[in-house]
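Read through the structure below, which is laid out as structure tokens, and then see the notes.
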There are 2 protein chains.
Amino acid sequence: MGARSVPVVESRELRYFVAVAEELHFSRAAERLGMAQPPLSRAVAQLERRLGTPLLERSSRSVALTEAGAVLLREGRAALDALEAAEHRTRRAAPAPTGTPGIAIATKAGASDELLAKLLDAHAAEPGAVPVEVVLCGPGQQARLLRTGRVDVALLHPPIDDVEGFDVEALRTEGQVALLPAGHPLSTRTSLRLADLEDLPGLPPPRYPRVDGTYPEGPGSEVHDHAQLVQLVSLGRTAVVVPEVARSHLRGGVTAVPVVDAPEVTTVIAWPPHSRSLAVARLVGTATRL
Amino acid sequence: MGARSVPVVESRELRYFVAVAEELHFSRAAERLGMAQPPLSRAVAQLERRLGTPLLERSSRSVALTEAGAVLLREGRAALDALEAAEHRTRRAAPAPTGTPGIAIATKAGASDELLAKLLDAHAAEPGAVPVEVVLCGPGQQARLLRTGRVDVALLHPPIDDVEGFDVEALRTEGQVALLPAGHPLSTRTSLRLADLEDLPGLPPPRYPRVDGTYPEGPGSEVHDHAQLVQLVSLGRTAVVVPEVARSHLRGGVTAVPVVDAPEVTTVIAWPPHSRSLAVARLVGTATRL
DNA sequence: CGCGCCCATACCCGTGCGGTATCGCTGCGG
DNA sequence: CCGCAGCGATACCGCACGGGTATGGGCGCG
């Protein structure tokens with residue numbers, strides 16, 4: 001198994017480059033990395049020398065990626081994720097108290113609650129069940145947690161979530177309903193179409209946080225969890241389309257009406273390929289038998 | 001896109017650990033890494049401190065992997081491969097003369113020759129064809145070249161080759177034939193079964209190199225390419241079972257007889273998932289239309 | 001035209017990586 | 001039973017390199 005070729009790029013340099021490539025700004029990237037700008041410039045220049053190709057186009061007013069730089073950004077992120085995953089999975093494999101010798105599952109906070117509850121119950125009832133740590137996270141974060149090894153499995157919702165590169169098993173498919181303030185003209189309907197819900201007067205769509213934590217501009221309210229969302233609807237401030245399960249934990253003042261032409265939402269359980277973990281395989285097996 | 005969590009493990013340390021874990025011997029690993037043994041011991045100990053868990057069980061006479069160490073070996077190899085891939089793919093994306101702005105394909109030396117030739121011809125005839133570099137390699141090496149980004153696509157033969165983690169498209173399926181010295185008693189048969197070929201007197205199976213370049217022990221001759229193999233057969237020194245295409249470039253003194261119960265051999269074209277390369281997509285498209 | 005933003009260069013310092021020497025343990029052979 | 005040899009750990013040292021501060025230089029903008 002010899003002949004692993006000599007490495008040229010060090011992971012530290014790669015992290016530096018990725019920070020600069022993401023910020024497109026050396027000073028801001030340096031700040032994010034907790035270091036000064038000059039050594040960062042030098043490190044990136046050194047990386048370019050080692051790779052033998054420019055990665056960034058600098059003018060004194062702006063920074064842009066070259067073709068090679070774009071490739072390295074994409075591939076470098078993947079490599080750094082793999083590195084982080086190696087670290088986390090090793091920690092998890094360690095004997096207690098350093099690591100929890102169980103498995104961790106990620107799910108979007110406020111989503112798939114009862115499905116997850118059923119899964120955990122069923123798993124706990126199985127012989128040889130291991131402890132399961134539940135990691136709640138913001139929307140779109142599950143994939144990253146999975147890629148970086150902080151969790152072993154995740155519940156997510158393609159095609160909204162990116163499942164590229166994971167093994168997945170579908171658990172459930174459901175339609176979507178509109179949540180409307182009670183008393184809204186449309187709330188008496190027995191079904192709706194998406195077109196009915198466009199530009200409802202006085203009910204601007206809420207603004208969800210982006211993956212970087214910032215919020216888009218717009219008239220609607222900022223929202224970051226499900227309870228807030230339902231509350232906003234009941235206050236007559238917004239209307240939204242959500243998966244059917246949301247009906248099960250509604251409150252007064254909110255009416256749910258099926259939206260017949262909304263895309264179906266599937267919930268899948270995802271895990272990293274090459275997973276050699278027996279515990280993961282068992283959990284997935286339990287999930288598919290629900 | 002903030003919040004990439006702080007790294008604890010450096011790629012250099014990981015390479016050191018992987019070397020030790022593969023050798024299970026600090027001094028040999030140090031030699032392989034081109035360094036002295038004491039700093040290697042220290043670096044691995046430091047990695048264990050950072051991860052907060054022992055990776056190796058040392059006695060003064062032997063070294064063994066712990067559970068966590070086995071996980072880190074597997075995951076660490078993958079991470080190092082990803083790192084190397086980032087490097088190679090970036091180089092390939094660089095403008096000439098540093099990188100070849102084309103694509104590279106790996107194939108086992110001496111296998112799939114005419115299939116590859118047809119593919120290259122067909123590709124060259126397409127509009128917008130890019131230069132294709134052909135990388136010949138030893139058996140079982142294609143997957144590594146693909147994983148580490150030295151090539152963009154590979155021709156391989158599941159289930160002999162591991163295609164786990166790659167996207168694949170089947171190109172051809174064929175049976176296998178036995179190559180026998182002309183005049184051998186079995187060479188007059190019109191078909192054979194695997195059982196017929198067990199323990200043929202005077203025709204011990206050849207010894208192929210393992211992935212690490214060493215050869216297993218045994219009575220047969222060492223062999224490292226197809227021409228040698230055929231020559232050995234014609235010299236009456238061995239007999240082998242190979243895919244049917246081998247018939248097309250036989251020489252005198254060798255007879256091919258179909259083996260009806262040998263497993264079918266499929267040739268697939270494989271490429272890394274998430275490949276964003278248009279050139280790769282086009283080459284694969286061409287291949288499947290052959 | 002000058003100011004300010006931003007990346008590069010110059011220079012210095014301290015940390016940490018790698019090297020040599022040596023110790024301590026252990027299995028083995030006489 | 002003792003000595004030797006193999007191997008990993010420890011001790012110590014020197015230097016290379018990563019990171020900091022100060023400063024230069026190019027270019028938009030007011």
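Side-chain atoms are counted along with the backbone in the values below, which use heavy atoms only and exclude waters and symmetry mates. Here is the naming used below: chain letters follow the sequence lines, and residue numbers restart at 1 for every chain.
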> Relative to the 5' end of DNA chain D, which residue comes earlier, B:Ala45 or B:Arg28, by the nucleotide with the nearest heavy atom?
Replying inline: B:Arg28
> Can a donor-acceptor pair be found between the side chains of A:Ser41 and A:Gln37 at a distance below 3.5 Å?
Replying inline: yes
>> I'd like to know if B:Arg42 reaches the base of C:dG18 with its side chain such that a donor and an acceptor end up less than 3.5 angstrom apart.
In response: yes
> Roughly how many Å is it from CG in B:Leu24 to C1' in D:dC7, rounded to a whole number?
Replying inline: 14 Å
> Can you find a pair of side-chain heavy atoms, one from A:Glu84 and one from A:Arg150, that are under 4.5 Å apart?
Replying inline: yes
> Looking at A:Thr66, A:Leu73, A:Leu55, A:Val9, which hits side-chain contact (heavy atoms from CB on, under 4.5 Å) with B:Thr90?
Replying inline: A:Leu55
> When you measure from the side chain of B:Met35, which nucleotide among C:dG18, C:dC17, D:dA9 comes out closest?
Replying inline: C:dG18
>> Please confirm whether the shortest side-chain N or O distance from B:Ser27 to OP1 or OP2 of D:dG8 is below 4.0 Å.
In response: yes
>> What's the closest nucleotide to the side chain of A:Tyr16 if the choices are D:dA9, D:dG19, D:dT21?
In response: D:dG19
> Counting side-chain heavy atoms from CB outward, which of D:dG8, D:dA11, D:dG20 is closest to A:Pro39?
Replying inline: D:dG20
>> How many whole angstroms separate atom CZ of A:Arg58 from atom P of D:dG25?
In response: 19 Å
> With a 4.5 Å limit on heavy-atom distance, are the side chains of A:Asp152 and A:Ile105 in contact?
Replying inline: no
> Base, sugar-phosphate, or nothing: which does B:Glu13 touch, judged by heavy atoms less than 4.0 Å apart?
Replying inline: nothing
> OP1, OP2 of C:dT20 versus side-chain N and O of B:Gln37: anything below 4.0 Å?
Replying inline: no
> Over how many whole Å does the gap from B:Glu23 atom CD to D:dG8 atom P extend?
Replying inline: 11 Å
>> Just the rounded figure in Å: distance from C1' of D:dG18 to CD of B:Glu10.
In response: 12 Å
> For the pair made of CG in B:Leu40 and P in C:dG19, what is the distance, rounded to whole Å?
Replying inline: 10 Å
> A:Val63 has a side chain; which of C:dC7, D:dA9, D:dT21 sits nearest to it?
Replying inline: C:dC7
> Can you tell which of A:Arg74, A:Arg28, A:Arg77 makes a salt bridge (Lys or Arg N to Asp or Glu O under 4.0 Å) with A:Glu22?
Replying inline: A:Arg77
> Atom CD of B:Gln46 to atom P of C:dT15: distance rounded to whole Å?
Replying inline: 15 Å
> Between atom CZ in A:Phe17 and atom P in C:dC7, what is the gap in whole Å?
Replying inline: 14 Å
> Considering only C:dC7, C:dC17, D:dG8, which nucleotide approaches the side chain of A:His25 most closely?
Replying inline: C:dC7
>> Output the rounded distance in Å from CZ (A:Phe26) to P (D:dG19).
In response: 15 Å
> Taking N and O atoms by type only, does the side chain of B:Arg61 place a donor or acceptor under 3.5 Å from a partner on the base of D:dG8?
Replying inline: no
>> Does D:dA9 have OP1 or OP2 under 4.0 Å away from a side-chain N or O of B:Ser41?
In response: yes
